[in-house]
Each structure stands twice: as C-alpha cells, then as structure tokens.
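In what follows, a single structure is set out as structure tokens and then discussed.
Start at 1 with the first residue, then count along the sequence. Just so you know, ligand 1 is whichever comes first in the structure, and atom 1 is the first atom listed for that ligand.
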Amino acid sequence: MSRLTEQHCEACRADAPRVTEAEREQLLPQIPEWTLTRIEGVEQLLRCFHFPDFARAMDFANRVGELAEAQGHHPAILVEWGRVTVRWWTHKIHGLHRNDFVMAARTDQLVTSS
Ligand SMILES: C[C@H](O)[C@H](O)[C@H]1CNC2=NC(N)=NC(=O)C2=N1
C-alpha cells in the first residue's frame, strides 16, 4: 500500500467502515505528530501547528482549506495568533475513516512545503 501522502480521499458514504484497530496501528506511525482524541464521543485526529504570527497562521489555514476542497473532505480548523489547531474525522460515520489519515498526512506536507 502506498504512503498516505500519495493517496486521495474516496467519496464517503454513511455506511462506510470506520478504521479498524489493526488499520489504526498501521496508519498512526505515518502521522506521529497527530493525537488520537475523542470529542463528544467522536474519535478524531488532532494536531496543533505553531507560527510566528497570526498572518502566517491564517495563510496555513487557508491552504488547509484549499486542500480540503480539492479532496472533498473537510476538517475543523481553529485559527489563533501563532497557532492553528486542525481536527480530522468523518462526519458521515461519526468517527475515523482512512480518509482522515490521508488528510492528516497531506496537512503535514503543507507545513514542509511552506
Ligand atoms: C456532500 C459532501 O461531499 C459531503 O458532505 C462531505 C463533505 N466533506 C466531509 N468532510 C468530512 N470530514 N466528513 C464528511 O463526512 C464529509 N462529507
């Protein structure tokens, strides 16, 4: 299987499977900076990105938004002075799909490409 950064999101349906425990163990090492968390009962991937000021935080958030639009899969993004918090989960299945791991890895690439 190719690396997460080389993959694209698939169209998500309400009956799509959540990632299994085994898949999670296999995928998490590719996104070591991300935290597995549960918010209001929904499992999500979370990472905080740090920047020198608000303008560069906003610029990064906009690039995450462009990535989301291109892939048809969207995060929660909190923009603060010097910090952007990104959370990925799949709304339709109220949990984690492979898409969320792909998007977390692709989000990391935006930092290294900035
Ligand atoms: C109609 C539209 O494609 C769907 O609602 C997409 C939009 N982006 C999405 N993003 C996320 N994170 N989860 C979804 O279930 C989802 N569904």
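- A heavy-atom separation below 4.0 Å is found between W89 and ligand 1.
- The distance from ligand 1 to the heavy atoms of G72 drops below 4.0 Å at these ligand atoms: 7 (C), 8 (N).
- The two atoms that bring H74 and E69 nearest to each other are NE2-OE2, 2.6 Å, heavy atoms only.
- Shown here for L27 and F101, the closest heavy-atom pair between the two residues is CB-CD2, 3.5 Å.
- In this structure, atom 17 (N) of ligand 1 lies nearest to the protein heavy atom K92 NZ, 3.0 Å.
- If you check which protein heavy atom lies closest to atom 16 (C) of ligand 1, you get H91 ND1, 3.9 Å.
- Within a 4.0 Å radius of atom 14 (C) of ligand 1, the protein contributes at least one heavy atom.
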* Take E6 and R3 through the test salt bridge (Lys or Arg N to Asp or Glu O under 4.0 Å) and record every step on the way to the result. => CA-CA 6 Å; E6 297 157 4; R3 294 195 57 75; 5.7 Å; no
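- In terms of the side chain to side chain contact (heavy atoms under 4.5 Å, CB included) criterion, residue partners of I77 (sequence neighbours excluded) are, by chain and number, A61, V64, P75, V79, V84.
- We find that D59 and R56 are not joined by a salt bridge, their nearest charged nitrogen and carboxylate oxygen being 4.0 Å or further apart.
- With hydrogens left out, the protein atom closest to atom 10 (N) of ligand 1 is H74 N, 3.0 Å, a heavy atom.
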